[in-house]
Amino acid sequence: MALIRVEHVDKTFPSRHGSITIMQDISFDVKDSDFLAIVGPSGCGKSTLLRLIQGLDHPTAGRIEFRDRPVDRVCMQMAMVFQSFALYPWLTVAQNVAFGIEALGWPKERIAAQVERYVSVTGLDGFQEAYPRELSGGMRQRVGLARALAVEPAVLLMDEPFSALDALTAESLREEVIQLWSDPQLPPEAVVLVTHNIEEAIQLADRVVVMSRRPAHLLAEVPIDLPRPRDRKSPAFYDLTDRVYSLITEGGGPTTAPAGAKTAH
């Protein structure tokens, strides 16, 4: 059963010179245990689509469902990790991680235990009392990840979470995200990643949704049938990278590749 269904979604924004259509007729599913990546040219609406999925904004036309119910408000069973970290600078690491849980109204003892668990899981032990300004970019993104996971979401939404990091830090965090997602004792049930990095999408995802230039439509849904950990230097990895790159740059017609088997989780 699909956790999320995106069905014939359009999104249009008003402007002084008339409306601007960002995307048209976007349809795909996110299944249980899915790791889905969304790629496409800059400005095609990838981040907007994540906001629509969580209910932070609403489609102009079409429908988005979570567990067979329409997403008509912010879905509390999804959590977002942002590109810009989006931490509260006046709060410590522990307080930032606790922020989302406190909104759920949990008892203080349960909140403290949850914070301790996800601080540990994300490699933040010893930094509980540090403030964001005292942390590196990689550590700040760990805080953002811990805050998102601490509410135990069914779906983790990630909006270009590694793009502000240096290459080595980004690679380390990608590997950690895969390890966390592959652990059946930890949330989430599915991950939806927006990225402009095609290699990153192929390294992490089970399927890659490829969007066209604006007004965006779905060019392809490409299964990534490669065992993990994935070798970026392998011919199969290169071929998939080249295929997705060609789809984006050439803006070809809708295509769906043969279904592939899931290899983790």
Side-chain angles (χ1 to χ4, degrees), residues 2-31 34-66 71 75 78 80-84 86 155-165 170 174 177 190-224 239-257:
L3 279 177
I4 298 169
R5 286 193 178 93
V6 178
E7 298 179 338
H8 306 293
V9 163
D10 296 359
K11 183 60 181 177
T12 300
F13 290 104
S15 76
R16 289 184 299 174
H17 306 292
S19 60
I20 299 173
T21 300
I22 303 297
M23 65 188 75
Q24 292 179 318
D25 198 26
I26 302 293
S27 296
F28 59 86
D29 289 348
V30 180
K31 301 176 180 62
D34 231 348
F35 199 127
L36 181 78
I38 302 171
V39 301
S42 179
C44 73
K46 301 184 295 295
S47 296
T48 298
L49 185 53
L50 274 196
R51 292 175 58 83
L52 296 176
I53 288 171
Q54 193 174 14
L56 295 168
D57 199 353
H58 305 291
T60 307
R63 181 180 178 91
I64 297 175
E65 294 182 349
F66 174 73
V71 177
C75 182
M78 303 185 201
M80 183 90 75
V81 177
F82 300 92
Q83 174 183 352
S84 59
V155 179
L156 182 65
L157 305 173
M158 307 186 80
D159 189 5
E160 299 194 15
F162 313 116
S163 62
L165 306 175
R174 288 185 198 108
V177 166
V191 177
V192 181
L193 167 73
V194 158
T195 179
H196 65 272
N197 186 325
I198 296 171
E199 286 195 354
E200 178 175 276
I202 294 170
Q203 179 184 357
L204 296 177
D206 297 312
R207 293 183 295 134
V208 177
V209 168
V210 186
M211 295 174 67
S212 74
R213 299 177 184 87
R214 192 174 72 224
H217 58 277
L218 191 65
L219 290 174
E221 187 176 303
V222 182
I224 311 301
D239 288 346
L240 283 165
T241 302
D242 185 62
R243 180 184 175 199
V244 173
Y245 178 80
S246 297
L247 282 163
I248 293 173
T249 55
E250 295 170 10
T255 307
T256 302

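Note that the coordinates shown come from a computational prediction; the quantities given were computed from them, not determined experimentally.
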Residue pair Met158, Leu193: steps toward the side chain to side chain contact (heavy atoms under 4.5 Å, CB included) verdict: CA-CA 5 Å; Met158 307 186 80; Leu193 167 73; 3.8 Å; yes
Arg63 CZ to Arg5 CZ distance, which is reported to the nearest 0.5 Å: 10.0 Å
Exam field: side chain Thr241 to backbone Glu199, donor-acceptor pair closer than 3.5 Å: no
Ile26 side chain near Leu49 side chain, heavy-atom distance below 4.5 Å: yes
Under-4.0 Å salt bridge between Lys11 and Asp57: yes
Distance (rounded to the nearest 0.5 Å) between Asp10 CG and Gln24 CD: 6.0 Å
Flag side-chain contact, heavy atom, 4.5 Å: Ile198 against Ile248: yes
Backbone of Thr249 reached by a side-chain donor or acceptor of Arg213 within 3.5 Å: yes
Side-chain heavy atoms of Val208 within contact of Arg243, under 4.5 Å: no
Check: Val177 and Leu204 side chains under 4.5 Å, non-hydrogen atoms: no
Spacing of CD belonging to Gln54 relative to CG belonging to Asp159, to within rounding of 0.5 Å: 10.5 Å
From CE (Met211) to CD1 (Ile38), nearest 0.5 Å: 7.0 Å
Greater than 12 external heavy atoms within 6.0 Å of Tyr245's OH: no
Straight-line distance of Ser47 OG to His196 NE2, nearest 0.5 Å: 11.0 Å
Heavy-atom closest pair, residues Ile22 and Gly45: CG2-CA, 3.6 Å
Ala37 to Ala201 - nearest heavy-atom pair and separation: CB-CB, 3.7 Å
Heavy-atom check, side chain of Val222 versus side chain of Leu247, under 4.5 Å: yes
Gap separating the CD1 atom of Ile53 from the CZ atom of Phe28, nearest 0.5 angstrom: 4.0 Å
Backbone of Pro41 reached by a side-chain donor or acceptor of Lys46 within 3.5 Å: yes
Side chain to side chain, Leu157 and Met80, heavy atoms closer than 4.5 Å: yes
Residues Asn197, Phe162; criterion side chain to side chain contact (heavy atoms under 4.5 Å, CB included); working and verdict: CA-CA 10 Å; Asn197 186 325; Phe162 313 116; over 6 Å; no
pair Met23-Leu52: side-chain heavy atoms closer than 4.5 Å: yes
Any donor-acceptor N/O pair, Ser27 side chain to His8 backbone, under 3.5 Å: yes
Residue pair Val192 / Leu50, side-chain heavy-atom distance below 4.5 Å: yes
Backbone of Ser19 reached by a side-chain donor or acceptor of Thr12 within 3.5 Å: no
Gln83 side-chain N/O to Ser163 backbone N/O, donor-acceptor pair under 3.5 Å: no
